[in-house]
Asker: 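This structure is in C-alpha cells; I'll ask about it shortly.
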2 protein chains.
Amino acid sequence: MPPKQPITMDDIAALAKVSKPTVSRALSDSPLVNEQTKQHVLSVARKHGYAVNRNAQRLRHKNTNTIGVSIDFRSHRKNHISDPFIFELLAGVSEALGNLNQDLLLCAPNHNDTDSLQTIYSSRGADGFIFLGQGHRESMLNEFALTGAPMVVWGAPRENSPYCVVGSDNLLGGQMAAEYFLKQRRRNFLFVGDPSHCEIQRRRQGLHQAAEKSGKSAILEDVVLSDFSYESAFDAANKHLDQAKSPPDAIFAYSDTAAMAFIRVLVDRGLRVPEDVSVVGYNDIPAAAFFSPRITTVRQDTYQAGKLLVKKLMQILDNKKPRSGTIKTELVVRDT
Amino acid sequence: MPPKQPITMDDIAALAKVSKPTVSRALSDSPLVNEQTKQHVLSVARKHGYAVNRNAQRLRHKNTNTIGVSIDFRSHRKNHISDPFIFELLAGVSEALGNLNQDLLLCAPNHNDTDSLQTIYSSRGADGFIFLGQGHRESMLNEFALTGAPMVVWGAPRENSPYCVVGSDNLLGGQMAAEYFLKQRRRNFLFVGDPSHCEIQRRRQGLHQAAEKSGKSAILEDVVLSDFSYESAFDAANKHLDQAKSPPDAIFAYSDTAAMAFIRVLVDRGLRVPEDVSVVGYNDIPAAAFFSPRITTVRQDTYQAGKLLVKKLMQILDNKKPRSGTIKTELVVRDT
DNA sequence: ACATATTTTGAAATGCATTTCATATGAAAC
DNA sequence: GTTTCATATGAAATGCATTTCAAAATATGT
C-alpha cells in the first residue's frame, strides 16, 4: 500500500534534518550544496520513494517540459488513422522527445482546433507543438502560427511559411518516380492522391515536371482521393479503371496504402504488376516490403524526421528561428 | 504577439472588478456565484484569452487529469512499432480519453520501466496508466501493480490477475480459427507466434483445444517468433518451410502482419493461398482487407477496446474495483 | 420594521517547490 | 588573532488557483 499522505519536500527536509531549499538544491543537482549533504538528502529521498511534484515544479518554473503532438485526424476516416505512416512518425517523435526528457501530450482528435490548442498552450499544458501532417489544415496552422505558440510541422517545406516545416523533399520524390517510370519506357502516367494537400501537390508537381522535362510526351492523369483510407483508394481505383479509355502503365500513389489498394484492383482485373503497370508508392511502410508484389516506394526516414522535428522545436523554444528542413528522400526499388 | 506578461486570475479579477475566488467560481461553473456576475467574469476572461493555469490548478486539486499510456516497445524491433494494431488501439484510447477531457501522456520507449512509471505517478504526472500490450512484460506489470498506481492493461483477461485487464477473448479466437480450418477439412495445423506472450499463448491454446476436442487427429506444430516484426515472421516462415517434412495446410498466425509475411513466403514457393494453405490472422488491421489474397482474421474492436479500457480505469480512479473485461471477438472470413 | 434565512462575496490559508537574500560556518590571508 | 573571502545553509517570498470561513447583501416571514 502506498502512503496515504503523499510525501512532500518538507517531509524529506525534516527526515534529512536539513531545510527545504537544501533538499531542492540537492535534487536538482545544484553546485550550491555540499557534496555530502547532497548524497545524504538523495539517499533519504530515494529511501522514501520521493519524487518532486511536477505540478508545483512547473508552476514555479513557468515551463511545462511537455510538447503537444497533434495528428491530422481529419484526413482520415471516422477520426481513426488509416495510414500507418503517421504512427511511424509518432514513434520517431516519441523517442526523440523521450531522449530530452520531454513529456509527450498526445492531442486527441477532438482537441485539434486552434482554440483547443491555444488553450492548452496558454494554460501551460505544453511549451510547444509538433503537428504531424500539414494536410488539409493549412489555414488552421496559419491561424495557429499567429498565436505565437512555438510550433513545428511535418509537411511540405517551402519558403515564406509562417512556421517551421520539416518534411521529405516531395518534389524530388515525384521526380524520382517519374524517372523510374521513364526508364521503363512508360508513357501513361496516373497520379493518385489529393492535391489539395500541399505535400501531395508537390509530389504530383515533381512527377509532372520530370515527365515534361524529359521531352517524351507522356499522358498525365489524376485520381483525386477524398481521404487517406484504403477504402477511398480502393473505390477510386475501381471507378477510374471502369471509365478509363486506356489503363495507365505507370501509377504514382501518394502513399503505400493507396498503392496497395490500386495494385489489388489491378490484379483483380487481370492486369499484371509490374509487367503491365508499374506502381510507385510513398513512405515505405513496413507492409510495403511484404506486400505481393513488393512495392517500389519513396522512403522517408521517420526516425530522422522525429529527431529533426524535435530539434527544430527546441531551437524555437530557445528563441532561435530555425529554417525549415528536409529529410532524406530516396527511392526504394522493389518491384523488379 | 502574445502578451509578454502572462495573464493570471488576479488580473481577470481586477479587470472584472470582483475578487479572485469569484473568478475561480465563475470559471468552474460553480453555483455559488450569481448568474450575472458569472457571465460578466466569463466574458472578461474570454475577451482577454485567459485560460486557467493547469499546473497551479493541478497542484491545488491534487489530481492531474492525465492518463499515462504505455506501449510495449520491447516487443518490437529497435523500439519502433512494427504492428499497426497497437496504433489502432492507441487511437481508440486517445479518442475515449479526449471525450472525458483527460490528457494523454504518451510514455516513450525509454520511460517504460517500473521506476520511470512510478516516478511519473508519484510526481503527479498522471493519475493512472493504460498499458497497451501485456506481452513480454508480465513481471514488470505485476511489479508495477504492487505500487498501487491505478492501472488497466490491454492483454489477456483472466482470473486472479493483480490488475484489471481488457482484451479480446483470445481462447475463443483460437477456437474459431480451428473450427474454420476443420470445416475445410484441414489437418496439418501450424501456429505462428511467441507463446511466452500470454495473449498469444491463449490463442494457441484455443486452437489446440478445439482441434483436440474435434476428435479428428490433427497435427499441431508451432513456429515461435522472437518479436512482432514482419521481418521475423518472414525469416521464420522461410526457415520453417525449408525444413518442414510436410507443409501445413492451415496456418493460424498471432497477427495479420505475421499472416501476411507467411502468405508472401508461401506464394513465393508456389503454394496457393487459400487453396493449398488456409491462413488465419489476428487483429483485422486495415491492410488485411486489401492484401491479396484478402486475409481471414480475428477482429478485435479497437474502438470499443479504447472505450472499455478508459472506462475501467475511471472506475478504478473512483475507488471501485472493476473486473477484467472482454471485448467482441469475431472471425472475419475473407479468403473464400 | 425587525428578526431570520439565504444567497453572494472576499480575505486569508493552502497546495508544493524554487529562488532570493541574509546569515552562519569554515578556510585562507595578513 | 583578526580580517576577508568562499562556501553552505535557511527564512521568507513567490508562482497561481482553490477552498474555507466569515462577513455582507439580499430575500423571506411575521
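Note that this is a predicted model, so its numbers are computed, not measured. Here is the naming used below: chain letters follow the sequence lines, and residue numbers restart at 1 for every chain.
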Asker: Between the main-chain N or O of B:Asn55 and the side-chain N or O of B:Asn53, is there a donor-acceptor pair closer than 3.5 Å?
Answerer: yes

Asker: Hey, does B:Val310 have a side-chain heavy atom less than 4.5 Å from the side chain of B:Leu308?
Answerer: no

Asker: Name every residue in residues 54-62 of chain A that has at least one heavy atom under 4.0 Å from any atom of DNA chain C, in order of residue number, or write none if there are no such residues.
Answerer: A:Ala56, A:Gln57, A:Arg60, A:His61

Asker: Base, sugar-phosphate or nothing for A:Val23? Non-hydrogen atoms, less than 4.0 Å.
Answerer: nothing

Asker: With sequence neighbours left out, what residues match A:Leu105 under side chain to side chain contact (heavy atoms under 4.5 Å, CB included)?
Answerer: A:Thr66, A:Ile120, B:Asp103

Asker: What residues from residues 28-41 of chain A pass a heavy-atom cutoff of under 4.0 Å to DNA chain C?
Answerer: none

Asker: What residue pairs, at least two apart or across chains, pass salt bridge (Lys or Arg N to Asp or Glu O under 4.0 Å) with a residue in residues 5-24 of chain A?
Answerer: A:Asp10-A:Lys20

Asker: Just the endpoints, please: which first and last nucleotides of DNA chain C, 5' to 3', lie under 4.0 Å from a heavy atom of chain B?
Answerer: C:dT8 to C:dC16

Asker: Using ring pair (Phe, Tyr, Trp, His ring centres under 6.0 Å) as the criterion, list what pairs up with A:Phe85, not counting sequence neighbours.
Answerer: none

Asker: Got a sec, which residues hit ring pair (Phe, Tyr, Trp, His ring centres under 6.0 Å) with B:Tyr50, two or more places apart in sequence or on another chain?
Answerer: none

Asker: Which is more 5' along DNA chain C, the nucleotide nearest B:Lys20 or the one nearest A:Thr8? Just name the residue.
Answerer: B:Lys20

Asker: Could you verify whether a donor N or O on one side chain and an acceptor N or O on the other, from B:Ser139 and B:Asn142, lie under 3.5 Å apart?
Answerer: no

Asker: Return the set of residues passing side chain to side chain contact (heavy atoms under 4.5 Å, CB included) with A:Glu199 (not counting sequence neighbours), or none when no residue passes.
Answerer: A:Gln134, A:Trp154, A:Ala156, A:Asn170, A:His197, A:Arg203

Asker: Can you tell me which residue pairs pass the salt bridge (Lys or Arg N to Asp or Glu O under 4.0 Å) test with a partner in residues 120-135 of chain B, sequence neighbours excluded?
Answerer: none

Asker: Taking side chain to side chain donor-acceptor pair (under 3.5 Å) as the test, write out the residues that go with A:Thr119, two or more places apart.
Answerer: none

Asker: Which pairs with one or both residues in residues 21-35 of chain B pass side chain to side chain donor-acceptor pair (under 3.5 Å), sequence neighbours excluded?
Answerer: B:Ser19-B:Thr22, B:Asp29-B:Lys38, B:Glu35-B:Gln39

Asker: Say you draw a straight line from CD of B:Gln315 to NZ of B:Lys321; how long is it, rounded to the nearest 0.5 Å?
Answerer: 12.0 Å

Asker: For the helix from C:dA1-D:dT30 to C:dC30-D:dG1, what angle separates the axis at the start from the axis at the finish, each from five pairs, in steps of 10°?
Answerer: 40°

Asker: Should A:Arg137 and A:Ser70 be marked as a side-chain hydrogen bond (donor to acceptor under 3.5 Å, both in side chains) after you check the CA-CA gap, both sets of side-chain angles, and the distance that decides it?
Answerer: CA-CA 11 Å; A:Arg137 43 182 187 169; A:Ser70 158; 2.9 Å; yes

